[in-house]
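Contents: one structure, followed by commentary.
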Amino acid sequence: MTNTPYPLDKADLLQAYRTMRTIREFEERLHIDFAKGDIPGFVHLYAGEEACATGIMMHLNDNDRIASTHRGHGHCIAKGVDVHEMMAEIYGRSTGACRGKGGSMHIADLSKGMMGANGILGAGAPLICGAALAAKFRGDGGVGITFVGDGASNQGTFLESMNLAAVWNLPVIFVVENNGYAESTAMEWAVSCDSYIDRATGFGLPGVTVDGTDFFAVYEAAGEIVKRAREGGGPALLECNMVRFYGHFEGDAQTYRAKGEVENLRANRDCIKLLAQRLTETGTVAPAELEAIDREVNALIEDAVRCAKAAPPPVAADLLKDVYVAY
Amino acid sequence: MSRKISMKTAINEALDLEMRRDPTVILMGEDIVGGTGAPGEDDAWGGVLGVTKGLFAKHGDRLLDTPLSESAYIGAAIGAAACGMRPVAELMFMDFMGVCFDQIFNQAAKFRYMFGGKAETPVVIRGMVGAGFRAAAQHSQMLTPLFTHIPGLKVVCPSNAYDAKGLLIQSIRDNDPVIFCEHKNLYGHETEVPAESYAIPFGEANVLRDGDHVTIVSYGLTVHRAMEAADALARDKVEAEVIDLRTLSPIDWDTIIDSVERTGRLVVVDEAHPRCNLATDISAFVAQNAFGALKAGIQMVTPPHTPVPFSPSLEDLYIPSAEAVAAAVRRTLAPSPRSTLAA
Ligand SMILES: Cc1ncc(C[n+]2csc(CCOP(=O)(O)OP(=O)(O)O)c2C)c(N)n1
Ligand SMILES: [Mg+2]
């Protein structure tokens, strides 16, 4: 883990583990509480995909912007959005990241460079081109990352944005989170090309495909691409092949998946298990250190849920607030 | 210093002044510079009708020609606005809104509310609206009601060069997303315009003509039809008050209601398609809030419920005429059926 251009010290590795565990625990808790009927609206869980958000975001700072998707909790946590504020938002409370006006699909924290989860598939790509353009005008070295699923990768906005970013030489990274499904529709059927690298090549962008369940693979590939963009080398595409542990959204019976598919993925392609294995087998980290993190994360999420439940909902006056800056 | 200039020049001047004042103002759009990457001259076009001509020479790479990709560059303008820039994106013809509307009504318009008041999106989307250019169904619509419908958007539609300059300067300084609608048949229209910078606040209608008998409300090109009608009516001793809305969202309800309470009669003239447009909106508002003041049924003057036709003979029929406005006024002045019955 030191013979790479992007060395990680022990603190970094423990931080990566903590971030991934926080996302997992956050999502598993939502899965349970949603089933109990505690949570209103649509909830799309990122469980199984943690290595992607974490491996990429470790290269970013608050000055870098990301545009997320409907499945945005993992991006938020990895980008440093406050977990308590996120949980409160999902519960529709006034203490939420968006004061209860956005919910799971619209969590944002611009101070952290998180430009919003998005309920419109593919909409983040043009927005992040704008964020990157602003960074370019300011000359502050900031980069923009837009995430799309395999489904949203068919949107015109995504394809147009790759062209725009190439033509304007913007510091944008297009991350395709390929989990094989768009709701119930298989990627193999709905995406016309065999490899996203072909799509990138078509727009004059370099493209890289990695195993998105391998934290180190994501981390290394993202490091290269982010560095290149920061230095003015222009946009690139990164495809992360990953797996979705739960349904498309909570309440999805997943009858379109093969029997045993999820169990198999959980057993063999769990990115957190894989990371923990690498860390302990190499002797970098003792199992007890990871267990300590697990306990801290559990306590954090428990507290976030407790605070969210205790927090007041928005009041009637909030209905009319913040439509405009001034009207 | 004030001189007579066209609305097109006034818009160009507003962009120039704001770009000088504020380095975060950037312009983007298809061919707004013109000739980018082509072997001939730079700054070849300055927009498809030349509105931004000459700005590239003054402001260089703060003007960005875009690929033909409305979703991408309108979205980029919005994303840049959310990150501290003040982009003015030209959509050429507002009819192209269908291609990129998501970025405007689901993204720009909603960021502030959806993110709990934590975002500002000071973007201006400017583009051409309106019929009369023989440009047919896909290059001639107003679409103003579509934008007005959306909470979070501000909608501006000037009727003359003076207003265009002051309203565009306000639009650029405004911290909310603004849809700035330029009637293509007013580009050549000239009025006295001060050379210096000035902003016209939103939500303040302009009373172009005082009158006690009837209130005519309009915006954009049809303001001029309303004025022509008012002049014709004055020859018959009918004094119409003509209100130019200037901004549709926010809208100046007070000026409309005050006027109707005095005149008791209302004619609304809207070049947009007739269903769910500004005319129906204003009529409903007045009926709800000043019903007691009305001495006659409200009249709406709009095009028919059709796409904009191409043939000049048909297009001229399509656009509300001064005669149609005058006829509508006369209908409000005719004795009502009830008073006829009583007589
Ligand atoms: C423009 C748009 N079309 C359709 C939807 C409904 N929708 C929400 S998620 C989804 C599938 C997304 O698949 P993918 O992009 O692969 O992301 P994943 O859910 O797998 O993370 C669809 C069709 C939407 N929200 N927005
Ligand atoms: Mg998918």
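Protein chains get the first letters and strands the later ones, always in sequence-line order, with residue 1 at the start of each. All of these numbers come straight from a predicted model, not from anything done at the bench.
- No side-chain donor-acceptor contact under 3.5 Å links Q138(B) and D95(B).
- Of the residues considered (L170(A), I107(A), L319(A), N163(A)), L319(A) shows the highest number of contacts with chain B, using heavy-atom pairs under 4.5 Å.
- Of the listed residues I78(B), L153(B), T121(B), the one with more heavy-atom pairs under 4.5 angstrom with chain A than any other is L153(B).
- Ionic pairing of D38(A) and K309(A) is present here: one or more N-O contacts between side-chain nitrogen and carboxylate oxygen are shorter than 4.0 angstrom.
- A donor-acceptor contact closer than 3.5 angstrom is absent between the side chains of Y219(B) and S159(B).
- Of the N and O atoms on the side chains of H248(A) and R71(A), at least one donor lies less than 3.5 Å from an acceptor on the other residue.
- D64(A) and H59(A) share no side-chain donor-acceptor pair at under 3.5 Å.
- Each of E70(B), K110(B), M85(B), R112(B) has some count of heavy-atom pairs under 4.5 Å with chain A, and the biggest count is that of R112(B).
- A salt bridge does not link E89(A) with R93(A): none of the charged nitrogens is closer than 4.0 Å to a carboxylate oxygen.
- Comparing L64(B), T24(B), N106(B), D61(B) by how many heavy-atom pairs each has under 4.5 Å with chain A, the most go to L64(B).
- In this structure, the side chains of D254(B) and I257(B) stay at 4.5 Å or more apart for every pair of heavy atoms.
- Inspection of the N118(A) and T69(A) side chains reveals no N or O donor paired with an N or O acceptor under 3.5 Å.
- Among A108(B), A80(B), C83(B), the residue with the largest count of heavy-atom pairs under 4.5 Å with chain A is C83(B).
- In this structure, F111(B) and F115(B) have parallel ring planes: the angle between them is below the 30° cut-off, well short of the 60° mark.
- Of all residues spanning residues 168-175 of chain B, those with a heavy atom less than 4.5 Å away from chain A's heavy atoms are N175(B), arranged by number.
- The part of V167(A) that comes within reach of chain B is its side chain, from C-beta onward, which places non-hydrogen atoms under 4.5 angstrom from that chain.
- The pair K58(B)-D16(B) meets the salt-bridge criterion, with a side-chain N (NZ, NE, NH1 or NH2) lying under 4.0 Å from an Asp/Glu carboxylate O.
- A donor atom on one side chain and an acceptor atom on the other are not found under 3.5 Å apart for R20(B) and S197(B).
- With no hydrogens or angles considered, no side-chain donor-acceptor pair links E27(A) and H44(A) at under 3.5 Å.
- Top candidate by heavy-atom pairs under 4.5 Å with chain B, chosen from G124(A), A97(A), S111(A), G116(A), is A97(A).
- S249(B) and Y327(A) are linked by a side-chain donor-acceptor pair at a separation below 3.5 angstrom, with hydrogens and angles left out of the test.
- For a residue to count as touching a neighbouring chain, one of its non-hydrogen atoms must lie under 4.5 Å from one of that chain's; by this rule I74(B) does not touch chain A.
- In summary, R99(A) and D318(A) do not engage in a salt bridge, as defined by a charged side-chain N under 4.0 Å from a carboxylate O.
- The part of I150(B) that comes within reach of chain A is its backbone (N, CA, C, O), which places non-hydrogen atoms under 4.5 angstrom from that chain.
- When each of G103(A), A326(A), A125(A), P314(A) is checked for heavy-atom pairs under 4.5 Å with chain B, A326(A) comes out on top.
- A 6.0 Å sphere centred on CZ of F96(B) holds more than 12 heavy atoms belonging to other residues, nucleotides or ligands.
- Listed options C129(A), G96(A), A108(A) were ranked by heavy-atom pairs under 4.5 angstrom with chain B; first place goes to A108(A).
- With respect to chain A, the highest number of heavy-atom pairs below 4.5 Å among P23(B), G116(B), G37(B) belongs to G116(B).
- Contacts from residues 131-145 of chain A to chain B, taken as heavy-atom pairs separated by less than 4.5 Å, involve A131(A), L133(A), A134(A), F137(A), R138(A) in sequence order.
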